[in-house]
Amino acid sequence: MRIATFNINGIKARLPRLLEWLDETRPDVACLQEIKTSDETFPIKDIEGAGYGAIWHGQKGFNGVAILARGDMPVEVRRGLEGEPEDEHSRYLEADVKGVRVASIYLPNGNPQPGPKFDYKLRSMERLRRRAAEIWADEVPAVLAGDYNVIPRDVDTFSVKAMADDALMQPESRAAYRRMLNDGWTDAIVSRHPAGGVWTFWDYQANSWPRDAGFRIDHLLLSPAAADRLIDAQVDKDFRGREKASDHAPTWVELRPA
DNA sequence: ATGACGTCCCTGGGACGA
């Protein structure tokens, strides 16, 4: 089964691209981020028309996450991360889908750093880590998929120099991500492409896509029971080059049937 | 470099993103 994550940067502006991607690649599960729409305006009819059941956690204007399941209905486990009751950003949704625990995650960008947005980013990463530990304790096959807004290693960006002052690449951001790996989670793309050079994001600006100036910030972290079943992990890179594309490309894992 | 580019909001420009 294939589980994908895709920061679509506005589900309304991107709807033709999303439906096209679902039709062409037929992921079993699709975790979406930055749907940028309220719960009331989520285009569920179009999603259902493509053959997917869905749950979503929307927010007017920005953020927002969803989980889609082909020919199935995700069973919601949790929406939002604990630890900050006053946090109203829609950035986390978790469900059981086709025998796998799946989370759709949109961690904060954190720029500019230093500053309150960067502090919020780091706190959010620690809140995610705490939830991940609870999922780990359940010993279920789990895939924590989403836009982590972290460039984990120097080989995960076209230019270390260009990104040096960015929140995505600060030592604190990397340390927070590495703590989850140290907890035992497997970075699926790294396990299949250890040498790096795999990008999931290309900025709209500065001619980034034509000159392949991208970096890797969309990640799928696997629990041991999921990592044991890992067959492949890849990026649907060509979708970044299409008309009215998102600035992210879909990223996915293929798991052996249980 | 208060830049670029794009989406959202609700109207001409601000908020936000990476």
Side-chain angles (χ1 to χ4, degrees), chain A residues 5-19 21 32-43 46 56-66 87-92 104-125 128 145-174 176-177 189 196 198-219 235 237 239-251:
Chain A
T5 180
F6 188 8
N7 180 322
I8 54 171
N9 187 21
I11 198 168
K12 282 180 282 188
R14 213 72 59 209
L15 193 55
R17 285 290 87 81
L18 173 63
L19 298 176
W21 172 67
L32 307 181
Q33 299 86 34
E34 283 206 270
I35 60 175
K36 292 187 175 179
T37 191
S38 61
D39 284 337
E40 297 72 25
T41 50
F42 185 84
D46 296 283
W56 58 95
H57 187 198
Q59 182 178 343
K60 188 164 141 185
F62 52 106
N63 302 326
V65 289
D87 184 2
E88 300 197 336
H89 287 196
S90 297
R91 296 181 175 274
Y92 185 85
S104 183
I105 300 159
Y106 178 48
L107 285 171
N109 168 304
N111 281 305
Q113 71 79 29
K117 290 190 173 183
F118 188 61
D119 297 339
Y120 174 57
K121 174 194 186 80
L122 297 181
R123 290 200 310 276
S124 298
M125 294 189 74
L128 172 63
D147 177 359
Y148 282 69
N149 268 314
V150 175
I151 298 169
R153 309 169 300 166
D154 285 355
V155 292
D156 295 318
T157 174
F158 75 103
S159 168
V160 169
K161 189 179 173 194
M163 302 304 294
D165 294 328
D166 198 286
L168 310 190
M169 223 180 75
Q170 292 314 296
E172 298 94 327
S173 309
R174 286 182 166 182
Y177 186 77
I189 290 285
V198 175
W199 319 143
T200 67
F201 172 91
W202 296 257
D203 202 299
Y204 289 125
Q205 305 182 61
N207 209 33
S208 297
W209 169 249
R211 62 190 181 96
D212 199 30
F215 37 87
R216 187 174 72 95
I217 52 175
D218 299 276
H219 308 306
V235 179
K237 186 173 176 179
F239 281 84
R240 178 60 182 84
R242 298 196 183 188
E243 186 93 6
K244 292 273 287 177
S246 170
D247 40 7
H248 296 249
T251 307

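No experiment lies behind these values; they were computed from the predicted model shown. Below, chains carry the letters A, B, ... as their sequence lines are ordered, and counting in each starts from 1.
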When you compare [N] with [M], how far apart are their [atom1] atoms, in angstrom units rounded to a whole number?
{"N": "B:dG14", "M": "B:dG3", "atom1": "P", "result": "12 Å"}
{"N": "B:dG6", "M": "B:dA1", "atom1": "P", "result": "24 Å"}
{"N": "B:dA18", "M": "B:dG12", "atom1": "P", "result": "28 Å"}
{"N": "B:dC10", "M": "B:dC16", "atom1": "C1'", "result": "16 Å"}
{"N": "B:dA15", "M": "B:dT11", "atom1": "C1'", "result": "15 Å"}

With the sugar-phosphate defined as primed atoms, P, OP1 and OP2, and the base as all remaining atoms, what B/S/- string results for nucleotides 3-8 of chain B, 5' to 3', for protein heavy atoms under 4.0 Å? -BBSBS
Would you check if A:D87 and A:Y120 make a side-chain contact, meaning some heavy-atom pair closer than 4.5 Å?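 Yes, their side chains come closer than 4.5 Å.
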Taking the side chain as C-beta and beyond, is there a heavy-atom pair between A:Y148 and A:L128 under 4.5 Å?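 A:Y148 vs A:L128: side chains touch.
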List the residues meeting side-chain contact (heavy atoms from CB on, under 4.5 Å) with A:P43, not counting sequence neighbours, and say none if there are none.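 Expected list: A:I11, A:L15, A:D46.
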Can you confirm whether the side chains of A:E34 and A:N7 place a donor and an acceptor under 3.5 Å from each other? yes
Judged by modelled atom types alone, do A:N111 and A:K117 share a side-chain donor-acceptor pair under 3.5 Å?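 Looking only at side-chain atoms, A:K117 and A:N111 do not form any donor-acceptor pair under 3.5 Å.
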Rounded to whole angstrom units, what separation is found between the [atom1] atom of [X] and the [atom2] atom of [N]?
{"X": "A:D218", "N": "B:dG17", "atom1": "CG", "atom2": "C1'", "answer": "13 Å"}
{"X": "A:N109", "N": "B:dA15", "atom1": "CG", "atom2": "C1'", "answer": "13 Å"}
{"X": "A:I217", "N": "B:dG17", "atom1": "CD1", "atom2": "P", "answer": "12 Å"}
{"X": "A:D165", "N": "B:dA1", "atom1": "CG", "atom2": "P", "answer": "12 Å"}
{"X": "A:M163", "N": "B:dG17", "atom1": "CE", "atom2": "P", "answer": "15 Å"}
{"X": "A:E34", "N": "B:dC9", "atom1": "CD", "atom2": "P", "answer": "13 Å"}

Under 4.0 Å, counting only non-hydrogen atoms across every strand here, what does [X] touch: a base, just sugar-phosphate, or nothing?
{"X": "A:N7", "value": "sugar-phosphate"}
{"X": "A:N149", "value": "sugar-phosphate"}
{"X": "A:Y148", "value": "nothing"}
{"X": "A:R91", "value": "sugar-phosphate"}
{"X": "A:D147", "value": "sugar-phosphate"}

According to the interplanar angle, ranging from 0 to 90°, do the rings of A:F215 and A:F158 count as parallel (below 30°), tilted (30 to 60°) or perpendicular (above 60°)? parallel
Check whether NZ of the Lys or CZ of the Arg A:R242 lies under 6.0 Å from the centre of the six-membered ring of A:F239 and within 45 degrees of that ring's axis.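 Satisfied, under 6.0 Å and within 45°.
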